[in-house]
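Step one of this worksheet: look at the structure below.
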There are 2 protein chains.
Amino acid sequence: MGATKTYIFSTKQNELAKIAKVLAHPARVAILEYISKQDACICTDLVDIIGLSQPTISQHLNEIKKIGLLKGTFEGKNLCYCIDQERWKELQDTFHLFFSNINRNCC
Amino acid sequence: MGATKTYIFSTKQNELAKIAKVLAHPARVAILEYISKQDACICTDLVDIIGLSQPTISQHLNEIKKIGLLKGTFEGKNLCYCIDQERWKELQDTFHLFFSNINRNCC
DNA sequence: ATTATATATTGCAATATTACGATAATATTT
DNA sequence: AAATATTATCGTAATATTGCAATATATAAT
């Protein structure tokens with residue numbers, strides 16, 4: 001008990017839920033927004049911008065990384081995080097499809 | 001410790017996260033998909049369709065209701081659940097905006 | 001090599017979520 | 001009024017998430 005029964009749902013349903021879960025925290029929304037607004041992609045200052053501790057930010061970044069949304073490369077001592085545009089579009093499509101496939105003739 | 005620090009984020013960021021949280025469970029995705037596919041909206045059989053217990057389904061429905069996505073009216077002994085089209089479009093726009101506002105010139 | 005700076009990992013406590021049995025509430029039917 | 005059917009709520013156990021201090025790791029600069 002207590003654990004999500006993923007096995008009774010379809011792959012697509014689990015996929016959407018998994019992606020949504022990453023967006024289900026304001027810190028991760030804020031991180032994605034911040035990174036996307038940067039011209040360059042040196043994101044050293046997320047800790048100051050967001051206002052959470054460095055380990056916490058690091059963990060959130062890791063959650064975002066898990067669904068393939070971040071490309072990270074070292075540039076000097078700083079880690080350069082960028083949003084993976086291909087993956088971003090994929091997720092956009094996933095959500096678009098989900099929101100589009102809804103029946104209108106009800107109630 | 002342990003609780004999300006909502007107060008350090010913007011209303012919009014918290015809003016998106018809150019909506020995403022509802023979609024962050026495959027059962028709720030499945031429920032929304034099922035309801036949207038029905039011509040009529042008598043959704044008594046969700047328990048059989050999804051494969052979770054009646055209390056669990058009821059709780060999930062409640063989560064969906066909390067963000068205003070469900071219109072529910074009693075029709076006889078059965079509860080008639082429908083998706084609120086207005087609200088649905090709002091959420092669709094919220095996500096669309098979020099996914100659109102992303103910088104392209106990076107990395 | 002040592003120091004400084006940036007990010008990752010570990011360990012742990014607080015809180016939240018998920019799921020279901022038992023039970024209550026509500027409405028229909030007999 | 002009693003029985004039936006459907007949904008909601010309560011209580012509780014299992015699991016997951018959130019957040020941070022402490023520590024480890026990695027690169028840069030001195």
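Lettering follows sequence order; numbering is per chain, from 1.
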For residues 48-58 of chain B, the salt bridge (charged side-chain N to carboxylate O under 4.0 Å, His left out) pairs (sequence neighbours left out) are none
Side-chain contact test, heavy atoms from C-beta onward, threshold under 4.5 Å: evaluate it for I64(A) versus Y81(A) and give yes or no. no
Heavy-atom check, side chain of F98(B) versus side chain of K12(B), under 4.5 Å: no
Check whether any side-chain heavy atom of K5(A) lies under 4.5 Å from a side-chain heavy atom of Y7(A), and answer yes or no. yes
Whole-Å distance between dG19(D) C1' and L46(A) CG? 16 Å
Which donor-acceptor pairs under 3.5 Å do the side chains of residues 16-32 of chain B make with protein atoms, sequence neighbours left out?
residue : atom : partner : partner atom : Å
H25(B)  : ND1  : A27(B)  : N            : 3.0
H25(B)  : NE2  : T4(A)   : OG1          : 3.4
R28(B)  : NE   : V22(B)  : O            : 2.7
R28(B)  : NH1  : H60(B)  : ND1          : 3.0
R28(B)  : NH2  : K21(B)  : O            : 3.0

What does the list of N/O pairs under 3.5 Å between the protein and nucleotides 12-16 of chain C look like, with a distance for each?
residue : atom : partner : partner atom : Å
dA14(C) : O4'  : M1(B)   : O            : 3.3
dA14(C) : O3'  : M1(B)   : O            : 3.4

Could you measure the distance from the OG1 atom of T94(A) to the CD atom of Q92(A)? Nearest 0.5 Å is fine. 10.0 Å
For E15(B), enumerate each residue passing the side chain to side chain donor-acceptor pair (under 3.5 Å) test, keeping only those at least two apart in sequence or located in another chain. none
Residues from residues 7-18 of chain A sitting under 4.0 Å of DNA chain D, heavy atoms only? none
Would you please confirm or rule out a distance under 4.0 Å between OP1 or OP2 of dA8(D) and any side-chain N or O of Y81(B)? yes
Check salt bridge (charged side-chain N to carboxylate O under 4.0 Å, His left out) between E90(A) and all other residues, then give those that pass, not counting sequence neighbours. R87(A)
By side chain to side chain donor-acceptor pair (under 3.5 Å), which residues pair with Q54(B), not counting sequence neighbours? none
Can you list, by residue number, the residues of residues 23-31 of chain B that have a non-hydrogen atom closer than 4.0 angstrom to DNA chain C? H25(B), R28(B)
Go through the structure and list residues passing ring pair (Phe, Tyr, Trp, His ring centres under 6.0 Å) with F95(B), not counting sequence neighbours. F95(A), F99(A)
Return the residues of residues 53-69 of chain A meeting this criterion: a heavy atom under 4.0 Å from some atom of DNA chain C. Order them by number, or give none. Q54(A), P55(A), S58(A), K65(A)
Indicate yes or no for a side-chain donor-acceptor contact from D84(A) to the backbone of L70(A) under 3.5 Å, with no hydrogens or angles considered. no
Going by the rule side chain to side chain donor-acceptor pair (under 3.5 Å), which residues pair with K66(A) if we only count those two or more places apart in sequence or in a different chain? E63(A)
Which residues pass the side chain to side chain donor-acceptor pair (under 3.5 Å) test with S10(B), not counting sequence neighbours? Q13(B)
